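Given the structure is predicted, the values throughout are model-derived calculations rather than measurements.
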Amino acid sequence: MHHGPARPNSLPPPPSHYLPRPDDARLALYTDGPDAAPVTVVLAHGWCATVSIWDDHARHLATRGIRVIRYDQRGHGASLTGTSIASARLLADELAAVLRHTRRCPRVVVAGHSMGGMGVLHLAAPESYWSPPAPARWA
């Protein structure tokens, strides 16, 4: 599905679909560009924003044959909050769920702004990177 150009003072397009989460949250996903694109770009927005921050990027990429997936983070835009406690790990888990749900080709690029970038980093780094080091033992 390809959303047309933005119109000033118009409502945003409805989500392409929703991704339910185990805690009754529901993520609103927006898809632009061809389904059979050789590359998919997934864009995660920051705190107190919505997918609309990526509108120009999505339009630009989609007109070049790239599939773009954007999603409203839980509690933002058209997404529901759910009952889980907010954390960087939750952001990463949501991003992983979006990737599993939307992946159609082996080439995927992920980008995030602010809070969205935190989710990207937590998904990319091993869990041990984010764990505090073991306390040193003094002899």
Atom pairs and distances, donor-acceptor, side-chain atoms in residues 102-110, under 3.5 Å, two or more places apart:
residue : atom : partner : partner atom : Å
Thr102  : OG1  : Val98   : O            : 2.7
Arg103  : NE   : Cys105  : O            : 3.2
Arg103  : NH2  : Pro106  : O            : 3.3
Arg104  : NH1  : Thr102  : O            : 3.3

Legend entry - Leu27 vs His101 side-chain heavy atoms within contact, under 4.5 Å: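 Not touching, per the 4.5 Å side-chain cut-off.
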Legend entry - Residues Arg59, Asp55: salt bridge by 4.0 Å N-O rule: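 Result for this pair is no, no salt bridge flagged.
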Please report the closest heavy-atom contact between [X] and [Y], naming both atoms and the distance.
{"X": "Tyr18", "Y": "Ala78", "result": "CE2-O, 3.7 Å"}
{"X": "Ala58", "Y": "Arg70", "result": "CB-NE, 3.7 Å"}
{"X": "Ala28", "Y": "Ser79", "result": "N-OG, 2.8 Å"}

Legend entry - Hydrophobic cluster membership, Ile53 vs Ile69, 4.5 Å side-chain cutoff: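 No.
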Inset, instruction - Identify whether Val68 and Tyr71 are in the same connected component of the hydrophobic contact network (ILVMFWY, side-chain heavy atoms under 4.5 Å). - result: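 No, it is not one cluster - the side chains of Val68 and Tyr71 are not joined through contacts under 4.5 Å.
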Legend entry - Spacing of CG belonging to Leu90 relative to CD1 belonging to Ile85, to within rounding of 0.5 Å: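 If we round to the nearest 0.5 Å, Leu90:CG and Ile85:CD1 are 10.0 Å apart.
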Legend entry - Which residues share a side chain to side chain donor-acceptor pair (under 3.5 Å) with His113, sequence neighbours left out: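 For His113, no residue satisfies side chain to side chain donor-acceptor pair (under 3.5 Å) once neighbours in sequence are set aside.
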Inset, instruction - Under the side chain to side chain donor-acceptor pair (under 3.5 Å) rule, collect the residues that match up with Arg100, sequence neighbours excluded. - result: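 For Arg100 there are no side chain to side chain donor-acceptor pair (under 3.5 Å) partners, ignoring immediate neighbours.
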Legend entry - Listed partners of Ala88 passing side chain to side chain contact (heavy atoms under 4.5 Å, CB included), at least two apart: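 With sequence neighbours excluded, Ala88 shows a side chain to side chain contact (heavy atoms under 4.5 Å, CB included) to Met118, His122, given in chain and number order.
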Inset, instruction - Check step by step if side-chain contact (heavy atoms from CB on, under 4.5 Å) holds for Val120 and Leu95. - result: CA-CA 7 Å; Val120 172; Leu95 175 56; 3.8 Å; yes
Listed pairs under 3.5 Å, donor-acceptor, residues 19-26 side chains, sequence neighbours left out:
residue : atom : partner : partner atom : Å
Arg21   : NE   : Glu94   : OE1          : 2.7
Asp23   : OD1  : Ala25   : N            : 3.2
Asp23   : OD1  : Arg74   : NH2          : 3.2
Asp23   : OD2  : Arg74   : NH1          : 2.7
Asp23   : OD2  : Arg74   : NH2          : 3.4
Asp23   : OD2  : Thr83   : N            : 3.1
Asp23   : OD2  : Ser84   : N            : 2.8
Asp23   : OD2  : Ser84   : OG           : 2.7

Using atom types as modelled, flag every donor-acceptor pair under 3.5 Å from a side chain in residues 37-51 to any protein atom, sequence neighbours excluded.
residue : atom : partner : partner atom : Å
His45   : NE2  : Gln73   : N            : 2.9
Thr50   : OG1  : Ser52   : N            : 3.2
Thr50   : OG1  : Ser52   : OG           : 2.8

Legend entry - Donor-acceptor contact present, side-chain Thr31 to main-chain Ser16, <3.5 Å: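 Side chain of Thr31 to backbone of Ser16: no pair is present.
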